[in-house]
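Just so it is clear, the values below take in all heavy atoms, side chains as well, and ignore hydrogens, waters and symmetry mates. Not measured: the values here are computed from a predicted model. The first residue of the sequence shown is numbered 1, and numbering continues consecutively from there.
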Amino acid sequence: MTVALLQDLIKQIDDPMLRQRIMMEVNKLAKQKKFGLVFEEHLPECTPLYDVKITVGSKVALKTGQMSDIYLVNAIKDKKAVCEHKTDHAEVEVALDEIVVVAEFGEPIYPYLKPIDAVCNALENDLWHTLIEADNYHALQLLEYLYAGKVDCIYIDPPYNTGARDWKYNNDYVDGSDAYRHSKWLSMMEKRLRIAKKLLNHNDSVLIVTIDEKEYLHLGCLLEEMFPDARMQMISDVINPRGTTRDGSFSRSDEYIFILQFGSNTVFYPTAGEKHYVEWYRLRRTDHESRRGTVKGGTQQFYPIYVDVETEKIVHIGDPLPVDQDRFSAPEIEGAVAVFPVKNDGTEMNWGVTPDTLKELLDHHFVRVRKNSKGKPQPYLLHYISYVQIEAIKEGKASIEGYNEDGTAIVVEDEGHIIRPGSAWNISSHNAGTYGSEILAAVIGEKRFTFPKSIYSVLDDLRYFLSGKPNALIVDFFAGSGTTLHAVNLLNAEDGGHRRCVMVTNNEVSEAEAKSLTKQGYKPGDEEWEKLGIACHVTWPRTVCSIEGHDVNGNPLKGNYLGSDIPMADGFKTNVAYFKLGFLDKAAVRIGRQFREMLPTLWMKAGCFGRCPTLAGQNIPEYMVLPENHMAILNDNSCYAKFAEEVGNTPEIGTVYLVTDSDADYRSMSRGLNGKQTYQLYRDYLDNFRINSRR
């Protein structure tokens with residue numbers, strides 16, 4: 001028995017003195033020296049299945065409790081369940097709407113994909129990405145059935161385990177006071193990476209994992225242990241050039257990227273002479289030492305900048321205000337609004353330059369105005385081109401290529417991208433604030449997600465390994481805000497690629513939202529709760545808006561993507577299907593009663609060509625030949641001759657599903673289909689999840 005499991009069991013002891021004594025002895029045991037990467041397995045992970053009906057014999061948990069605290073349903077009456085606790089066998093009676101069916105880690109599960117929504121911005125294009133809302137462990141089990149050995153790139157940005165209650169284990173936040181938080185994190189990662197390993201094409205693929213200093217040492221050891229055949233390298237990537245201030249410590253400015261290459265995988269280096277558009281920096285200072293009234297910046301860099309509300313251009317630069325003057329007393333200009341360097345929390349900062357320098361920058365078209373999607377505390381966001389880049393123009397290392405619609409200069413570094421980047425990346429477009437948080441806010445409005453990646457950081461990660469693979473399959477099972485798909489779409493738009501992305505994310509709400517919803521009487525699984533989750537509230541809106549080229553209010557997105565002439569308002573000519581992972585009854589699958597539910601899974605396995613098919617009416621067809629989906633399905637063996645003839649006359653068909661319990665019949669029918677990729681239903685599906693559950 002592991003120490004972590006002992007601690008979880010000790011918490012269930014009623015006698016406080018006995019509980020304390022046993023816990024003290026266990027803590028002594030835990031302090032014994034261990035060598036190498038040793039971590040606890042912990043209680044098995046459990047997944048809530050909100051769409052599964054509660055019946056007698058179901059394993060359930062309280063919606064507001066830990067999913068590992070399991071009860072067995074002994075009886076159901078009057079919308080209540082009589083339950084017996086799995087461990088101490090105590091009997092309780094609880095309302096049905098307060099409990100949820102759970103699946104324990106290692107149990108056979110039979111997943112399906114429930115269609116939720118779709119965005120189609122290219123009817124003529126058969127490229128369809130997918131977003132799957134799910135616990136990523138069970139989603140990975142499904143992906144193993146679909147794409148084992150076929151994935152070209154896995155990019156993941158897992159929770160960093162900062163101690164700030166940023167992730168859950170068994171439906172319970174893991175915070176900095178948890179003595180086993182590193183062990184729990186490793187246990188969580190190990191389970192998922194074990195399946196991810198089966199997805200990768202080990203002849204030529206790459207695994208990319210981002211992390212910060214909290215877990216990079218543990219993660220590196222885990223990756224070395226799990227992927228001994230990979231060539232592994234760690235990159236340092238500057239994501240916050242100004243750094244995050246930490247009292248008594250160095251400011252944090254970078255994070256780490258583990259690159260694991262398999263087989264013949266290699267880096268594609270950018271071509272010499274590629275254009276590199278310079279970065280625009282936020283005009284308001286962000287570091288704590290640059291607050292109004294501090295020595296840094298003095299008294300000359302807190303002043304009003306007046307923006308015309310119609311043209312959204314700067315029309316006047318006011319004089320610096322004395323430290324003791326309230327900013328709201330500044331002079332007014334009709335038709336314009338005064339903008340000050342104020343942070344979202346109301347802290348008054350300083351501008352990055354003096355009024356005279358700002359006037360000079362304006363004269364050279366080096367200041368940009370953007371409407372603040374939040375509208376407060378300041379209605380506009382201001383950015384500028386820094387002195388370093390201006391000097392580069394003077395020295396001939398950069399040039400003004402033209403001007404944007406708002407009159408701002410388009411500045412290009414003539415030397416282009418670094419041809420052979422080293423292991424320390426200091427690339428201006430990787431700034432997570434400017435090209436992560438601000439881009440996300442411009443698309444989906446108010447702050448719904450913390451610390452999104454710079455889209456250009458992810459784009460570079462993918463470009464270095466997928467530039468020569470226009471048809472690559474990319475998987476991200478910690479999708480978060482959806483940056484990976486956004487980057488894949490941009491890469492496809494740049495080079496005409498046909499790369500396909502599968503994203504997986506849960507639908508957790510933030511801790512603050514969970515407390516607020518609970519006070520209002522809502523529980524996980526309720527519509528009001530679910531619509532504020534990451535998948536529904538962040539990932540999907542970003543996906544739809546970035547593809548259609550507008551924000552959540554329908555306003556066209558402004559500006560071009562860096563390094564290209566692609567306007568954000570043009571969106572992308574591509575399509576995405578949004579599914580939620582559900583679970584099927586094994587017996588109903590075996591006799592074909594859940595064929596309708598199985599269709600999206602079969603569509604994904606066949607390659608996601610065309611719009612996902614649906615089944616009208618209640619009757620299951622004898623067979624389906626679907627050229628737009630590149631697949632065909634035979635449900636009635638007596639129709640095989642006609643079916644085979646149609647498939648043979650439809651060259652688009654690449655994948656064929658044959659429903660039969662007879663291995664001999666399956667082999668016979670397969671031979672008659674002229675080399676098509678065939679699968680036996682439903683044995684192929686059922687056997688996959690029955691066998692894989694034994695891991």
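Side chain to side chain, Asp237 and Ser457 meet the donor-acceptor criterion of an N or O pair below 3.5 Å. Inspection of the Tyr160 and Thr210 side chains reveals an N or O donor paired with an N or O acceptor under 3.5 Å.
Atom CG of Asp117 is surrounded by more than 12 heavy atoms from other residues, nucleotides or ligands within 6.0 Å. Other residues, nucleotides and ligands contribute over 12 non-hydrogen atoms within 6.0 Å of the NE2 atom of His202. Within 6.0 Å of CD in Glu334 there are 12 or fewer heavy atoms belonging to other residues, nucleotides or ligands. Sparse packing is recorded around CD of Glu332, with 12 or fewer heavy atoms of other residues, nucleotides or ligands lying under 6.0 Å away.
Panel note: side chain His430, backbone Val238; no donor-acceptor pair is recorded below 3.5 Å. Of the possible polar contacts, one joining the Asn575 side chain to the Asn121 backbone as a donor-acceptor pair under 3.5 Å is found. With hydrogens and angles ignored, the 3.5 Å screen pairs no side-chain donor or acceptor of Ser467 with any backbone N or O of Tyr464. Although no hydrogens or angles enter the test, the distance criterion places no donor-acceptor pair under 3.5 Å between the side chain of Ser236 and the main chain of Ala424. The backbone N or O of His537 sits nowhere less than 3.5 Å from a side-chain atom of Trp540 that would complete a donor-acceptor pair. Formation of a donor-acceptor pair under 3.5 Å by the Arg499 side chain with backbone atoms of Leu466 is found in this model. Remark: the backbone N or O of Asn404 is not paired with any side-chain donor or acceptor of Thr408 at under 3.5 angstrom. In this structure, the side chain of Asp476 does not engage the main chain of Met503 through any donor-acceptor pair within 3.5 Å. Within the 3.5 Å criterion, the main-chain N or O of Thr434 finds no donor-acceptor partner in the side chain of Arg282. Put simply, the side chain of Asp551 gets close to the backbone of Asn555: a donor and an acceptor are under 3.5 Å apart.
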Residues Glu438, Arg370; criterion salt bridge (charged side-chain N to carboxylate O under 4.0 Å, His left out); working and verdict
CA-CA 10 Å; Glu438 290 187 13; Arg370 290 286 185 269; over 6 Å; no
Going through the checks in order, is the side chain to side chain contact (heavy atoms under 4.5 Å, CB included) test met by Phe258 and Leu260?
CA-CA 7 Å; Phe258 280 104; Leu260 281 77; 4.1 Å; yes
Verify side chain to side chain contact (heavy atoms under 4.5 Å, CB included) between Cys153 and Val206, making sure each step is shown before the conclusion.
CA-CA 5 Å; Cys153 172; Val206 62; 3.8 Å; yes
Test log, rule side chain to side chain contact (heavy atoms under 4.5 Å, CB included), inputs Val488 and Thr574
CA-CA 11 Å; Val488 170; Thr574 191; over 6 Å; no
Show your working on side chain to side chain donor-acceptor pair (under 3.5 Å) between Asp126 and His498 and close with a plain yes or no.
CA-CA 9 Å; Asp126 66 0; His498 206 74; 3.2 Å; yes
Pair Ile385-Leu361, side chain to side chain contact (heavy atoms under 4.5 Å, CB included): steps then yes or no:
CA-CA 8 Å; Ile385 292 178; Leu361 292 171; 5.9 Å; no
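For the pair Phe477 and Ile156, the minimum side-chain heavy-atom distance is below 4.5 Å. Put simply, the side chain of Asn431 reaches to within 4.5 Å of the side chain of Pro241, judged on heavy atoms. By the 4.5 Å heavy-atom criterion applied to side chains, Cys501 and Tyr155 are not counted as neighbours. Between Asp461 and Ile235, the closest side-chain pair of non-hydrogen atoms is not below 4.5 Å. Put simply, the side chain of Leu127 reaches to within 4.5 Å of the side chain of Arg500, judged on heavy atoms. Looking at heavy atoms from C-beta onward, Arg284 lies in side-chain contact with Lys343 at the 4.5 angstrom threshold. At a threshold of 4.5 Å between non-hydrogen side-chain atoms, the residues His486 and Leu440 do not count as touching. Side-chain contact between Ile314 and Val367 is present, with at least one heavy-atom pair separated by less than 4.5 Å.
Closest approach of Cys545 to Val552, counting heavy atoms only: SG-N, 3.7 Å. Smallest separation of non-hydrogen atoms from Asn507 and Glu133: CB-OE2, 3.4 Å. Across every non-hydrogen atom of Ile566 and Ala493, the tightest pair is CD1-CB, 3.8 Å. Across every non-hydrogen atom of Val267 and Gln261, the tightest pair is N-NE2, 4.0 Å. The two residues Ala487 and Val458 make their nearest non-hydrogen contact at CB-CG1, 3.8 Å. Nearest heavy-atom pair, Thr483 versus Ile455, reported as atom, atom and distance to 0.1 Å: CG2-CA, 3.7 Å.
Between the CZ atom of Phe268 and the CZ atom of Phe465 there is a distance of 10.0 Å, given to the nearest 0.5 Å. If you take CG on Leu462 and CG on Asp152, they are separated by 11.5 Å, rounding to the nearest 0.5 Å. In this structure, the separation between OG on Ser481 and CD1 on Ile439 is 10.5 Å, given to the nearest 0.5 Å. The distance from atom CD1 of Ile547 to atom SG of Cys120, rounded to the nearest 0.5 Å, is 9.5 Å. Atom-to-atom distance recorded for Tyr256:OH and Ile211:CD1 is 11.0 Å, nearest 0.5 angstrom. Rounding to the nearest 0.5 Å gives a distance of 9.5 Å between CG of Asp254 and CG of Asp212.
The only option from Phe302, Tyr303, Trp351 that meets the ring-ring contact (aromatic ring centres under 6.0 Å, His included) definition with Phe340 turns out to be Phe302.
Between Tyr561 and Phe572, the ring center distance clears the sub-6.0 Å criterion.
The pair Lys558-Asp406 does not meet the salt-bridge criterion, since no charged nitrogen lies less than 4.0 angstrom from a carboxylate oxygen.
Judged as a side-chain hydrogen bond (donor to acceptor under 3.5 Å, both in side chains), and not counting sequence neighbours, the contacts of Arg327 are Glu348.
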